[in-house]
*Asks:* 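Below are the structure tokens for one structure; questions will follow.
Just so you know, these numbers come straight off a predicted model, no measurement behind them.
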Amino acid sequence: MLQMESITLDKVAGPTHADLAQFERDGFVVARGLLSADEVMTIRDEFMAQADLGPVAGLFDSSRLIENDPLARYPRMMHPHRWPDLEVGKLAFRYMLDARIDAYLTALFGEPAIAAQSMFYFKPAGARGQSLHQDNFYLRVAPQTCMAAWIAVDDADEENGGLFVVPGTHKIDIACPQAADPKISFTTEYVAPPEGTTPIPAIMKAGDCLFFNGSVIHGSYPNQSTDRFRRALICHYLPASSTEISQHYRPLWAFDGSVVGDTIGNATGGGPCGTEGPLVSTPH
């Protein structure tokens, strides 16, 4: 068991009644100022320093990149918490199991949460966005669904490639995706919003955290700014009562820093669309 900070849930503020009502209605809610300015600066500086050191096999995901793509200089980092010898690994593990996130997840799930994934996205100026998608198409958590905690490391808006979400789509099934437009998205799957629904921007300040259900359709804009990053630390979770998840997200972690055993099986088959999806990545 890895040593965790001694913060207990009864000392951490979770979602308000209004937050819970919004999550029930829309499938997402923003925890404003969940991380302090100093914490955000530390995360930003350490991940930028690691990027400056160059690729690390298995950590930097350089797939789906094209010539002169700004993401080739700043590819996303997948599962950095699996790299405990790196400073970014220590940070990712710490915040993946942060008690403040635990407090929100426990309230939103209605039960304890288990951690499955961490990611860091740089999204430099000029980078393509990511097409609309649903996270549980990739994680395949059952019988319920997964949840994301999306921490803004920079202010995120429509200009620099912030997220947009489709309210109410947490109540729909996982859809079979279509092909995405590679001119505007570096990921390949696209899920069309159902008739009568509209994507809305999730405007966030650095330190805010967006929690959203694994069925929520969401994506991100291209970064149309000339000099702004849109960096984010993102983690995915599942409820403790889950019976299965894609094998590619193991090991799973409890919030006390221990590895979850064999009580949760591997998802079989290819979900509703007959595909395995990416082996280690969930687009954001």
*Asks:* Tell me whether Asp154 is salt-bridged to Arg230, with the criterion being a basic N under 4.0 Å from an acidic carboxylate O.
*Replies:* no
*Asks:* Whether Arg100 and Glu39 form a salt bridge (side-chain N of Lys/Arg under 4.0 Å from carboxylate O of Asp/Glu) is what I want to check.
*Replies:*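 Salt bridge flag = yes for Arg100 with Glu39.
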*Asks:* To check you understand the geometry: which heavy-atom pair defines the closest contact between Glu189 and Tyr138, and what is its length?
*Replies:*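 Minimum heavy-atom separation between Glu189 and Tyr138: OE1-OH, 2.8 Å.
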*Asks:* Are Asp38 and Ser36 linked by a side-chain donor-acceptor pair shorter than 3.5 Å?
*Replies:*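 Per modelled atom types, Asp38 and Ser36 side chains form no pair under 3.5 Å.
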*Asks:* Determine whether a donor-acceptor pair (N or O, by modelled atom type, separation under 3.5 Å) exists between the side chain of Asn266 and the backbone of Ser246.
*Replies:*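 Side chain of Asn266 to backbone of Ser246: no pair is present.
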*Asks:* Using every non-hydrogen atom in the two residues, find where Phe137 and Arg140 come nearest and quote the distance to one decimal.
*Replies:* O-CG, 3.6 Å
*Asks:* Has the side chain of Ser185 got a donor or acceptor atom that lies under 3.5 Å from a matching backbone atom of Ser131?
*Replies:*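 Yes; at least one donor-acceptor contact below 3.5 Å.
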*Asks:* Quick one: pull up CD in Gln50 and CG in Asp45 and give me the separation to the nearest 0.5 Å.
*Replies:*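 With rounding to 0.5 Å, CD (Gln50) is 13.5 Å from CG (Asp45).
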*Asks:* Using distance alone, with no hydrogens and no angle criterion, decide if His170 and Asp26 have a side-chain donor and acceptor under 3.5 Å apart.
*Replies:* no
*Asks:* Can a side-chain donor-acceptor contact be found between Glu159 and Tyr221 if the only test is distance below 3.5 angstrom?
*Replies:*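 Tyr221 vs Glu159: no donor-acceptor pair found between side chains.
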*Asks:* Using only heavy-atom distances, determine whether the side chains of Thr106 and Asp102 contain a donor-acceptor pair under 3.5 Å.
*Replies:* yes
*Asks:* Measure the spacing between CG of Leu105 and CZ of Phe255 and express it to the nearest 0.5 Å.
*Replies:*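 Those atoms lie 5.0 Å apart.
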*Asks:* May I ask you to check whether Phe122 and Tyr74 place their ring centers less than 6.0 Å from one another?
*Replies:* yes
*Asks:* Just by distance, with hydrogens left out, do Glu111 and Gln144 show a side-chain donor and acceptor under 3.5 Å apart?
*Replies:* yes
*Asks:* Where the side chain of Asp98 meets the backbone of Tyr95, is there a donor-acceptor pair that is under 3.5 Å apart?
*Replies:*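 Between the backbone of Tyr95 and the side chain of Asp98 there is no qualifying donor-acceptor contact (under 3.5 Å).
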*Asks:* About how many Å separate CD1 of Ile114 and CG of Leu97, when rounded to the nearest 0.5 Å?
*Replies:* 11.0 Å
*Asks:* Check Lys205 with Asp157, please: is the shortest side-chain N to carboxylate O separation under 4.0 Å?
*Replies:* no
*Asks:* Would you name the heavy atoms of Pro177 and Val191 that are closest together and state the gap between them?
*Replies:*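 So the two residues come closest at CB-CG2, 4.0 Å.
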*Asks:* With the threshold set at 4.0 Å, does a side-chain nitrogen-carboxylate oxygen contact exist between Asp69 and Arg128?
*Replies:* yes
*Asks:* Check this for me: Asp52, atom CG, are more than 12 non-hydrogen atoms of other residues, nucleotides or ligands nearer than 6.0 Å?
*Replies:* yes
*Asks:* Of all the heavy-atom pairs spanning Ala51 and Phe60, show the shortest one and how long it is.
*Replies:*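 The answer is CA-CZ, 3.9 Å.
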*Asks:* I'd like to know if the side chain of His218 and the backbone of Val216 have a donor-acceptor N/O pair within less than 3.5 Å.
*Replies:* yes
*Asks:* Would you say the side chains of Ser215 and Lys171 form a donor-acceptor pair under 3.5 Å?
*Replies:* no
*Asks:* Which atom pair, heavy atoms only, marks the closest approach of Val40 to Ala152?
*Replies:*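 Scanning both residues, the minimum pair turns out to be CG2-O, 4.4 Å.
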*Asks:* Spell out, as yes or no, whether a donor-acceptor pair under 3.5 Å connects the side chain of Asn213 to the backbone of Gly27.
*Replies:*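 Checking the backbone N and O of Gly27 against the side chain of Asn213, no donor-acceptor pair under 3.5 Å is found.
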*Asks:* NZ of Lys123 to CZ of Arg76: how many Å apart, nearest 0.5 Å?
*Replies:* 11.5 Å
*Asks:* Taking atom CG of Asn160 and atom CG of Asp227, what is their separation to the nearest 0.5 Å?
*Replies:*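 The CG atom of Asn160 sits 10.0 Å away from the CG atom of Asp227.
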*Asks:* So, does Asn223 use its side chain to make a donor-acceptor pair with the main chain of Ala127 at under 3.5 Å?
*Replies:* no
*Asks:* Is the side chain of Ser242 donor-acceptor paired with the backbone N or O of Val141 at a distance under 3.5 Å, no angle test?
*Replies:*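 Flag not set: sc Ser242 to bb Val141 has no pair under 3.5 Å.
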*Asks:* Strictly under 6.0 Å, is that where the ring centroids of Phe93 and Trp253 end up?
*Replies:*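 Centroid distance Phe93-Trp253: below 6.0 Å, so yes.
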*Asks:* Can a side-chain donor-acceptor contact be found between Gln117 and Tyr237 if the only test is distance below 3.5 angstrom?
*Replies:*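 There is no such pair (donor and acceptor under 3.5 Å, judged by atom type) between the side chains of Tyr237 and Gln117.
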*Asks:* Of all the heavy-atom pairs spanning Asp155 and Ala206, show the shortest one and how long it is.
*Replies:* OD1-N, 2.9 Å
